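One structure is given here, and the rest of the page talks about it.
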Amino acid sequence: MDYQFAAIEQKWQKFWAENQTFKAETNSSKPKYYVLDMFPYPSGAGLHVGHPLGYIASDIFSRYKRLKGFNVLHPMGYDSFGLPAEQYAIQTGQHPAITTEANIATYRRQLDQIGFSFDWSREVRTSEPSYYKWTQWIFMQLFNSWYNLETDRAEDITTLIEKFNAAGSANIKAACDEDVKTFMPSDWATFTDEEKQVELLKYRLTYLKESTVNWCPALGTVLANDEVKDGFSERGGYPVEQKKMMQWSMRISAYAERLLQGLNTIDWPEPVKEMQRNWIGKSVGASVRFAISTENSQLKTANFIEVFTTRVDTIFGVSFIVLAPEHELVQALTTEAQKEEIAKYITQTKKKSELDRMADTKTVSGAFTGSYVINPVNQELVPIWIADYVLAGYGTGAVMGVPSGDQRDWLFAKHFNLPIIQILDAQKDIEVEADATKDGKYINSGFINGLTYKEATENLNNWLEENGVGKAKINYRMRDAIFGRQRYWGEPIPVYFKDGLPYLIKEEELPLLLPEIDKYLPTESGEPPLGRATDWSYENRYEYELSTMPGWAGSSWYWYRYMDAQNGNKFASKDAIAYWKDVDLYIGGSEHATGHLLYSRFWNKFLKDLGYVNEEEPFKKLINQGMIQGRSNFVYRVVDEEGKGTNTLVSYGLRKEYKTSALHVDVNIVENEILNINKFKEFRPEFANAEFILENGKYICGVEVEKMSKSKFNVVNPDVLIENYGADTLRMYEMFLGPLEQSKPWNTNGIEGVFKFLRKFWRLFHNEEWVFHINDSVPTKAELKALHKIIKKVQDDVERFSFNTSVSSFMIAVNELTDLKCKNRQVLEDLVVVLSPYAPHICEELWSLLGNTDLSNTAYPTFNPAYLEEAEFAYPVSINGKMKMNLNLSLSLEQDQAVEIVLANEQVQGYLEGKTPKKIIFVKGKIVNIVV
RNA sequence: GCUCGGAUGGUGGAACUGGUAGACACGCAGGACUUAAAAUCCUGUGCCCUCAACAGGCGUGCGGGUUCGAUUCCCGCUCCGAGUACCA
């Protein structure tokens, strides 16, 4: 029979499902291997060809690892809480759970069609109560924990209470809020329960905090920093404003250093690590307190300004201090004379939008407060300014201005005519621009004069600490993550309020179910949608938290649930966690670099601190698959003089001769840029009677790369390709497209080549009449060579995730075996095994036709290098590095013998034209190069 | 601006440690089969010169360098993509 892909694929998909072929057993004598895909959000649009790219790669890898004797865990699930289902619910009143369920069914059908080897018995859905029970449970653990900087790990809150009881708060080293109280053990004993709770909340790893949040009125929700782009929401592009709100936060900043250091232990793409490093934003420097000169200040209490600097060595070069306009001391520092100017500047700053501020980095602006600080190292008076180049949200919101060493400070000083003091003898041209050099010796710098950078920094840090005016300090850019959304379709936070203070519900009361509500909108009083729930309170008395968890909650631990997905008593059993440990290979898009991948590492470290999991890092190796872009096709409609479209369409090559407007055309009715005119008339009935101006009898379409989207008619649906060519062709073609990690536009041109390959492969096992036909003869040397070449090539390629090159090599192998008329059982059986991770259906079918069973648990053939050994090699002979000819020589020949034969060769002599070779390079098995 | 990628035929791409650039496909051209088309098969296909072959010249974004030899290593640029954005 000819290659009947549809029947074969259905047969084997059914077989795998019925036999649970890919069910992974926890505990096995085989070594474990955990291959994870980033689970999808099941959107209403279903899968397009870009989605499965990473899944196909991970599936090939999983199937390959199974053949190599590993116990492979390869699960799949759904990140099923999220905004689109809720937007849809708002519009239609349909419960998000219902749309989500329907979307998941579509996803499942589409995934099944591609023939993935997922262990579906471990499927998870983040919106299922049996799953989010454990998301809520982890939240409770975070609430019940604090970060002890002495042990450098999270601990149960009871250890903190013990410390308070024993010694008060004086010697506590913890990651906590800034406004914690200082108290004695005796004070603690007299605190009321409420007072204790207020204080403890400042230490908990998830805590309530009045935060300035990114409030998006159009979405009616708060957005995380990474969901805001240039002052607009990433989803929808609605304007975002700053608003103060009580919000749950996650104290991820406690883990900043560990998150940074951990990057050195994992095998991730360098750009992702770099993004995380930037996000964490560690800078090593010092904090310095500048006392405020009392002369004209109205300040009584806070009598200093604290700045953070990475160049404490430049402190003798300070000629001004700049505060962010939002800095809390600005009003108090402003003198009567400067009031008007400062007020004007602040208004002006407020008017500037985020975008303006960014576009406008070159204009220098600022205003003088009229007050001065005293530089602690030399007692000089330094003027205090405000300027919007200083950000309130970073460091202390105040910087020391050193114009000779920092270009922004230099511009500021020039503009406002402030002194520029040279501090290092190696600084050059500081009248022209700042020179940030660390070379040379200090000058004009009091007690550090003559020292080098390193000496000066150490010296100053010590001096500051001894004099109580500062100390060495490490600053991180990363802020705590806001952990609440004013939304319906998310995990309820397992918290209720009593006298305005948050308390956890009891563990046995989990899960706290999402209540039913009448509409998925905020309440009239502006409370989140959960405020609409009736009869929803804790113990019928206390109000529940009305925010739900953000999108990243459920995805921050899901890989552990796969280890033991059905467990009703724990998020996963100790045994399962001890066996599967961590994810060996994680494949997904780089858009999650600073969101999901950072939060997941944070929760993982936290769970490890509490002893629930064993590994410090969850994902050992990460691969980013490239984005598949859309590739749009266009037709060109001739436009008349008034600019109105006519009924004539002109082919791409001739469009310049007319006035035209380009129209998107469905890429699925275009093949190799040639338009199928009949289908086009169906696609756009208004052109049913259109005239087509053709070139060479064809209508050629224009092409452009754009985002893949319905409105651009460039969405290619895998279902259609599977119908026409089968899943095996789709899988191989997606890999054949190019390196996995590279972004590329989808182009269906060329899929025929892969399909033809599979037919040719099928034909290897059949005679002219399509009857299955193989023999049991002894394989020839040439057949074995072709086979072992591919055995080696595929194992090398898969191990380095170079799937595209294997596909080419398969084609070469099949071409060679076809030319050899190979019908040999031994060779073909091994070939089936080697190809099976890529094209599992056709291989299962042939495997069973060969009389075998259980392909998935067969061993990958052993490579035997002896079959590749050659006695001779066609050496390329080059003259002065230019390849001229090939010469067959025995590989046993050493340099001297080889050179002798080469020089004796008539053709070589011809090339030499009588000249004597100066030098002859001979690399065994590679090349002969004659230099004349 | 900074950081990280990338640039190879008409197209997707290959060349893994410096050793025959363009594998494998697509497309295109020609041919076979066919009443015809589709499918299939065969041949050719980097560019230039040449009727053609032989031979030759040029060729991996651009300009230099190291080397017997560079798509690969080094220096300096151009362009494209991604991330980030006054971080003190």
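Per chain, numbering begins at 1; letters A, B, ... match sequence-line order. All of these numbers come straight from a predicted model, not from anything done at the bench.
- Aromatic rings from A/Y3 and A/W770 are positioned such that their centres are separated by 6.0 Å or more.
- With both ends at atom C1', the span from B/rG12 to B/rC28 equals 16 Å, rounded to whole Å.
- A/R759 has no side-chain polar atom (N or O) that falls below the 4.0 Å cut-off from OP1 or OP2 of B/rA39.
- Taking the side chain of A/N749 as heavy atoms from C-beta on, and the options B/rA88, B/rU20, B/rC26, the nearest nucleotide is B/rC26.
- With hydrogens and angles ignored, a donor-acceptor pair closer than 3.5 Å exists between the side chain of A/N929 and the base of B/rC68.
- Out of B/rG13, B/rC24, B/rG56, the shortest distance to the side chain of A/K884 is found at B/rG56.
- When distances are taken from the side chain of A/K744 to each of B/rC87, B/rG13, B/rC24, the shortest belongs to B/rG13.
- The phosphate of B/rC26 has OP1 or OP2 within less than 4.0 Å of a side-chain N or O from A/K756.
- At B/rU20, none of the side-chain N or O atoms of A/Y875 fall inside 4.0 Å of OP1 or OP2 (strictly under the cut-off).
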### Query
Do A/S590 and A/N624 pass the side chain to side chain donor-acceptor pair (under 3.5 Å) test, and can you show the C-alpha distance, the side-chain angles, and the key distance before you say yes or no?
CA-CA 5 Å; A/S590 59; A/N624 291 131; 4.9 Å; no

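- The side chain of A/Y394 has B/rC87 as its nearest neighbour among B/rC87, B/rA14, B/rG19.
- One side chain, A/D409 or A/Y389, offers a donor N or O that lies under 3.5 Å from an acceptor on the other.
- When heavy atoms are screened at a 4.0 angstrom cut-off, A/V923 is found touching base atoms of the nucleic acid.
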